Amino acid sequence: MPEKPYDHQAIELKWLERWKDATFYKAEEDPSKPKFYVLEMLPYPSGTLHIGHIRNYSIGDALARYKWMRGFNVLHPMGWDAFGLPAENAAIANKRPPREWTLQNIAAMKKTHRRFGFSYDWDREVSTCEPQYYRWNQWFFLKMLERGLAYRKKALVNWCPKCATVLANEQVVDGCCSRHDETPVDQRALEQWFLKITAYADQLLTDMQQLEGGWPERVLTMQRNWIGRSEGAEIDFMLAETGEHIRVFTTRVDTIFGATCVILAPEHPLNETLLDAAGKARAKAMVDARAGRDPGDIEKEGFFSGHYALNPYSNERVPIWIGNFVLMGYGTGAIMAVPAHDERDFEFCRKYGIPIRPVISPVDGPLAVEPGMKEAFTEDGILENSGPWSGLPGDEARRRMSAYAREHGFGDAAITYRIKDWGISRQRYWGTPIPVIHCAQCGVVPVPENQLPVILPDQVEITGTGRSPLENVPEFVNVACPRCGGTARRETDTMDTFIDSSWYFYRYCDPRNDRMPFDPAKIAYWFEIDQYIGGVEHAILHLIYSRFFTKMMRDIGLVKNSEPARRLFTQGMVIAEGAKMSKSKGNVVGADMLAEKYGTDTARMFVLFAAPPEKEVDWRWEGANGIHYFLGRVYRFATRNAGRTDMPAEGASDRKVLRKLHQTVRKITEDFETRWHFNTCIASIMELVNILYAEEENIGSATMAEVLEKLALLLAPFAPYISQDIWDELGDEGPVFRHCWPSFDPELAKEDLAEIVVQVNGKLRSRIQVPFGTPEEELKAGALADEKIQAATGGKKVVKLIVVPDKLVNIVVK
RNA sequence: GCGGAUGUGGCGGAAUCGGCAGACGCAGCGGACUUAAAAUCCGCUGGCCCGCAAGGGCCGUAUGGGUUCAAGUCCCAUCAUCCGCACCA
C-alpha cells in the first residue's frame, strides 16, 4: 500500500465523527466479569481544560483502556465540581447568573474532553450544581443532623474579607486565605453549622492501615499530622479564691511537680472574670497582633493575671498568666507551664523570671540544676521531687498519675486531636442550601425529607457584601414552619463545596436515582474505587472529607466499605517553561491549543513521555515536536507496509524484530501492572520503531503483519486515534481498544547469547559472548583467556574471581 | 525549627534486586535528496588526553568520607532545591 502522510487533523476528525454515538465506554454491572473502577478527580468548570488536566486524564485513560483490553469490566466516569466561588465572582464582573456561566463552561470543557476522546461513560456524568445531585447533599445533612453529626454553634471562624465568607481551617494557609495569598484572615464570631468529623478522628487514623501500600506514604503522613492525635491527661487546677476550675491538657503529667505557672490563651473564657479592663485590653491586643502572622515570627509574650491556682497533686499555689503562644483552638486553651521540661515554657519563663524547677532526671545522669540550665530537658526520665511519685519512670508515672486524677475527680487520661469539626456554613449564593428552617416558636427545624430538594432560586442579585445573597429573596426566605405552621425563616447559608466532592464517586454508580443517593447493590458491585488519580494538593482536604463521608455512609447502612479508594495515585504538576502556570503570567497551556497544533494523540503522549507520572513535568513545545514526528514515523511505516506480500523469506532480521517486539510487550505490560513509568514505555516503542526502520526491507511478510498489528495495540492506551486509524488500515475490525492486549512469548523475548561484562579490579575491560547458562568455571576460563584481559592483567597475580552467571566476571589482581 | 522528597550531559530523563552510567527524546552538528528551503532518510553528539587513523587511556551521577571484588544505587556528614507541617502543650 502507498505510504500516507500523518494528517492528525483528518484522522482525529474522522474517528471523532464515527464514534459520535458509539457506546463502547458504557459501563454496566456484570457479576461474571472482574470489575475495575478507575477515577480521575472531577474538575472545577473554570471554562478551559489545560495541560495539567490533560495529564491527569491521560494517565487515567491509559489505565482504563489497558484494563479493558485485559478483559475487565471498567467504570470510568467524569463530572463537574460545579458549585463554588468563581461563578459568583464572574457574575459580579460580567452581570451573568452563576448558573448560566457554569453551564456554558461545562459545555465548552466537555467539548474539549470529547475532542481528546477520553474513554468516559458520559451517561453517568454528574454535575454537582443540579438539584438532582445536591438534594442528596441535603439528605446526607439531615441524616447527620439526626445522628448528632451535624450541629450548630456560635464560633470564632476564619473570615476572608476578599471572599467575604467563612473559610474552613483547611482553607487557611499561613494565616491567609488559600485563594488570596496576601489577604490575612480575620476571626469572627458567627452561628455556624459543623460536621462532627472529630467523632471519626480515631477511625480515620486507624483505617489508614488499609491504605498502606495503596496510597502514597506522603499523603498518609500528611493526613496523620493533620489529625494530630496526642495522648495525655486533662487536669483541673483550682482557682485559689473562687474554687473555679482551670482545665489544662498535657502529654507530660509526669512533670506536673515542675509546673511553676498556669498559662491561659488570650481568648480563654475565664479571662472575662479574671481580668480587669486593662488586662482584657491587653489580651485583645494579643489576639489582634497574632492574626495573619507567621507563628514562628511572633515572640512569646504574656502578663500576670493577678490570680493564683492550686496544683492538685502538690497543693502548690502557682501564678496564672496570660500567654500569646497558648492556642484557644487546641486542647483546653490552657496549659501548665513546666519550664524545666518544655522548650516553649522554658523560653517564656526565662523571659519573665518565673522559676524553673527540674523534676525529671535522665535515666543515666543526674537531675539538672537551676540556675544554670541552658535548655529544657524534654526527654523521658525518672521522676524526682515529685512527692509519692518520685523514682518512677515517666511512662509508668503518667499512667498512674492519670488514674489518680480520675479517682480523685480532678482529671483523667485524655486524647486530643488537632483536627477540628468541619465548619460548613458559607455566606454565599452558589452552593447547596442548608435544609433547615428557623422558627421563633420551635427553634431550628429540619426540612422534612419529602420536601427535598430545597431549590436554590435562580433570580438572585449577587452582591459580594458578606451576607448571603439569599437573604434578599423573600420567596426563598419566608416559609411556614414545618412543625407549628407559623411564620419562619429559611436558613440562608449554603454548604461548603467540599461536601459535593466528598461522595460524587458513589453517585456515578447510580447517577439518575431519584429515590436514594444511590442503590447500595450497585455500590457493592463497583466499590471500592480500584484506582483514584489526582493532584497531591488534595492530600488533606478532599481526601480526608471523602474518607469521613464514606464512614458516615457505612454507619447509616448505605455502603459496606470503610474506605472509598483502595489505591491513590498523585500525579506531579505541569509547569510551563520553568514557571508555574497561571492566568496572570499568561503561560497557561490550553488543551484546545494543543489539539490544534499537534493533535490530541501527541499532546497526551508528550505529557506521558516527558517524565514519570508522579514527577513534575516542564512543558516544552520543542519536546512535543518530537512526539509528533515519532507518530508520523509510525504512521508512514504502517501505511506503506500494511498488507505487503512482496517481503523476503524469513531470516535473521525477523528474529531480531520479533525479539524486540516481544521485549516491548513484556516491558509495557509489566509497567502497567506495577509502576506506570509510561515515559520508558513510550521510549521502548520508539526503540522498536527505530529497529523497524533499520530492518524494513529485510522482514518477512508474516513478521511484518504481526509487528504492525501489535504496534497498533501497544499504542492504543496512549494514542487512541492514530492506533485506531492504523488498525483500520491493517484491515482489522472494530475498536482497537476492545481487542485483547497482546501477549508476549518469554522465549522469543530472550537474547540468543549472553553478553558477559569482564572487569579487572571493578573496571570494564572487555565483553565476551556466551550461551545462557554457561557454568561459572567456563566463564572464568573464557574471561582469563580474553586478549584484552590478558593485556590488562599483565601477568599480575589473580587474587579473586567474582562471577555473576549470565552477567559479569570481575577479576581481582594485585 | 521539625518531617519528607529530590540532586545524573546544553535540556527532559533512563539505569526496576549493589554488577556495562547517560536508554529514549529535545536542542546542536554533519551527510543524502532538492535549483533552494521545508519535509523526509542516514550518521555524530558527557568532559579531558594520546593517535594521521583504526583504536586506546583517564575523569565523571551535588560535595566530603565510609562499606564492598564492585556504589548513581547502601551507610554517615555537609550543601542546594522543592514540598508539607510549623508555638499542637
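Naming convention: chains lettered A, B, ... in sequence-line order (proteins, then strands); numbering from 1 in each chain. Fair warning: this is a prediction, and the values are worked out from it, not measured in the lab.
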Does a side-chain N-to-carboxylate-O contact under 4.0 Å join [X] and [Y]?
X      : Y      : result
A:E616 : A:R55  : no
A:D786 : A:R765 : no
A:E299 : A:K351 : yes
A:E217 : A:R224 : yes

Both distances under 3.5 Å, Watson-Crick or G-U wobble: report the partner of [N], or none.
N     : result
B:A62 : B:U78
B:A38 : none
B:G43 : B:C29
B:C2  : B:G84
B:C24 : B:G12
B:G18 : none
B:U73 : none

Nearest-Å distance for atom pair [atom1]/[atom2], residues [X] and [N]:
X      : N     : atom1 : atom2 : answer
A:L220 : B:A5  : CG    : C1'   : 15 Å
A:Y417 : B:C85 : OH    : P     : 21 Å
A:L608 : B:G12 : CG    : P     : 19 Å
A:M573 : B:U81 : CE    : P     : 17 Å
A:Q759 : B:U68 : CD    : P     : 17 Å
A:D342 : B:A89 : CG    : P     : 9 Å
A:L801 : B:C69 : CG    : C1'   : 10 Å

Answer yes or no: does a side-chain N or O of [X] lie under 4.0 Å from OP1 or OP2 of [N]?
X      : N     : answer
A:Y693 : B:C41 : yes
A:R224 : B:C85 : no
A:K300 : B:C87 : no

Could you point out which residue of A:L204, A:I227, A:T198 forms a side-chain contact (heavy atoms from CB on, under 4.5 Å) with A:Y417?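 Output: one option passes, namely A:I227.
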
Taking side-chain contact (heavy atoms from CB on, under 4.5 Å) as the criterion, tell me which of A:L784, A:V758, A:T774 meets it with A:L779.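 The passing option is A:T774.
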
Starting at the 5' end of RNA chain B, which residue's closest nucleotide do you reach first, A:M222 or A:F325?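 With A:M222 and A:F325 compared, the 5'-side residue is A:M222.
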
Starting from the 5' end of RNA chain B, give me the residue, A:E670 or A:V326, whose nearest nucleotide shows up first.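 Its nearest nucleotide being more 5', the pick is A:E670.
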
Please determine whether any donor N or O and acceptor N or O are separated by less than 3.5 Å between the side chain of A:K807 and the base of B:C20.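 No.
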
Just call it for [X]: base, sugar-phosphate, or nothing, with non-hydrogen atoms closer than 4.0 Å on any strand.
X      : answer
A:V804 : base
A:E343 : nothing
A:R218 : sugar-phosphate
A:S230 : sugar-phosphate

Is it the case that more than 12 heavy atoms not belonging to A:E3 sit under 6.0 Å from its CD atom?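 Atom CD in A:E3 is packed in, count exceeds 12.
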
Indicate the atoms forming the closest heavy-atom contact of A:T255 with A:H341, along with that distance.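 Scanning both residues, the minimum pair turns out to be CG2-CB, 4.0 Å.
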
Can you tabulate the close N/O pairs, meaning under 3.5 Å, that link protein atoms to atoms of nucleotides 53-59 of chain B?
residue	atom	partner	partner atom	Å
B:C58	OP1	A:R765	NH2	3.3
B:C59	OP2	A:K763	NZ	3.3

For B:G9, does the glycosidic angle fall within 90° of 0 (syn) or outside that (anti)?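 Here B:G9 takes the syn form, which means its glycosidic angle is within 90° of 0.
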
I want to verify the glycosidic state of B:C76; is it syn or anti under the 90° rule?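 For B:C76, whose glycosidic angle is more than 90° from 0, the conformation is anti.
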
Would you please say whether a donor-acceptor pair under 3.5 Å links the side chains of A:D7 and A:Y635?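 No - no donor-acceptor pair under 3.5 Å links their side chains.
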
Considering only side-chain heavy atoms of A:I802, which listed nucleotide, B:C87, B:C69, B:A89, is closest?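 Side chain of A:I802 sits closest to B:C69.
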
Identify which nucleotide among B:A70, B:C20, B:G13 has an atom closest to any side-chain atom of A:P612, counting heavy atoms from C-beta outward.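 In terms of side-chain proximity for A:P612, the closest of B:A70, B:C20, B:G13 is B:G13.
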
With a 6.0 Å cut-off on ring centres, are A:F637 and A:F630 close enough?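 No, the ring of A:F637 stays outside the 6.0 Å limit from the ring of A:F630, centre to centre.
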
Please check this pair: side chain of A:R350 against backbone of A:I356, looking for a donor-acceptor N/O pair closer than 3.5 Å.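 Checking the backbone N and O of A:I356 against the side chain of A:R350, no donor-acceptor pair under 3.5 Å is found.
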
What is the per-nucleotide protein-contact pattern of nucleotides 22-30 of chain B, from the 5' end, where B denotes a base atom under 4.0 Å from a protein heavy atom, S denotes such proximity for sugar-phosphate atoms only, and - denotes neither? -BBSS----

Could you tell me how the ring of A:F678 sits relative to the ring of A:W676: parallel (under 30°), tilted (30 to 60°) or perpendicular (over 60°)?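 If you compare the ring of A:F678 with that of A:W676, the planes turn out parallel.
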
